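Along the sequence shown, the residues carry numbers beginning at 1. What you see is a predicted model, and the numbers here were worked out from it, not measured in a lab. In listed order, ligands and their atoms are each counted from 1.
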Amino acid sequence: MKTAYTKVPFLAEIRDEPIRKPGPNEVMVRVRACGVCGTDVHIARKIAHDWIAVGHEVVGEIADLGQGVTRFKYGDKVIVENSSFCGVCENCKNDRVDLCLNMYNMDSQPGAAEYITMRENALYQFDGLPFAHAAIAEPLTVALNVIGVAEIPLNSTVCVMGPGPIGLMAVKLAKLAGAKTVILVGNSHSTARLAVGKELGADDVVLADKVNVVDYMKETYPKGMDRVIVTSPPKTLLEAIKMANFGAIIGFIGIDVGGEEKVTFDVNEIHFKRLQLRASHAVPNTMFPIALDLLKRKVIDPARIVTHIFPLDKTQEALDMAGNNKAEVVKVVIEC
Ligand SMILES: [Zn+2]
Ligand SMILES: [Zn+2]
């Protein structure tokens, strides 16, 4: 079967690898679509000095059943959880499955591949969505997670920094959670993304390459932000801290390398404004049922998020498009 790998600088390689037959309680999935995540782009651009499997936003259909599998049948459409809690470790048993100590992570198999073999309890059945659209259920669970950690209050003012797919979906979720005003921060090249942000409910769009974001926010929203959702590069946390209102929560999602992961901030500001900085990491990956329902009902229209589709053989082009075409791309999906 074909599988996709990537490494720095923005290289992709299609390999031929053996198909793994499902063992007891495992299922083989014929992968039909795999989203290209910002993390995949990051890996291709900066992180992977050796080849790393592409893709973790995987959907497909059941192609083979291991011994003892009763929940699925051939042809069922399924979401693959890129990370699942075990349900039996100390934290899981103490009602904190989000802090599972023994997560199951796709056994490091590429998501961008013809087949993937998974434990059956790491799959969730769906219908009513094309595969390429169902592939964004995974980034939507990430957006649900960051909105969850930020505990959006009713009638609040929320800033979402970063108009990638997760930030865009977070705009809508913030509104659904009760925000009165949502301000999206992006930059002027991200034309397609900012347009979708407005459709999803952004009341104001701030262009970080055109104005000083902190000054703009202070002038326009002098009370400050009740919540800030940071999906932009980690160094923008400094702006988030400055624009935050007294008692605000900052929901943060982001990684970086090469020195960019080091951010220095004024602790007095955190102390006196009583800010809470809360990390979101949607691992284990939960809330697929909610994500799928929101997509199916077009509360978040997947057709507006998925802008580009490439076949598996064109993984190189898919990565290039996702990494370098800010004007047109919202989300790239690979069909496998
Ligand atoms: Zn992702
Ligand atoms: Zn566990």
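In this structure, R20 is not positioned above the aromatic face of Y115 in the sense of NZ or CZ being under 6.0 Å from the six-membered ring centre and within 45° of the axis. At least one cation-pi condition fails for R45 and F10: the charged atom is not both under 6.0 angstrom from the six-membered ring centre and inside a 45 degree cone around its axis.
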Please evaluate residues H56 and D40 with respect to the criterion side chain to side chain contact (heavy atoms under 4.5 Å, CB included), reporting the C-alpha separation (whole Å), side-chain torsions for both, the decisive distance (0.1 Å), and the verdict.
CA-CA 9 Å; H56 55 264; D40 294 310; 4.2 Å; yes
Let me see the working for V196 and K172 under side chain to side chain contact (heavy atoms under 4.5 Å, CB included), right down to the final yes or no.
CA-CA 10 Å; V196 173; K172 183 68 186 192; over 6 Å; no
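Our summary of the site lists the angle at the Zn ion (ligand 2) between SG of C89 and SG of C86 as 110°, to the nearest 10 degrees. The angle E57:OE2 - the Zn ion (ligand 1) - C37:SG amounts to 90°, with values rounded to 10 degrees.
Among the backbone and side-chain atoms of D40, none of the N, O or S atoms lies under 2.8 Å from the Zn ion (ligand 1).
Take the N/O/S atoms of H56: the one nearest the Zn ion (ligand 1) is NE2.
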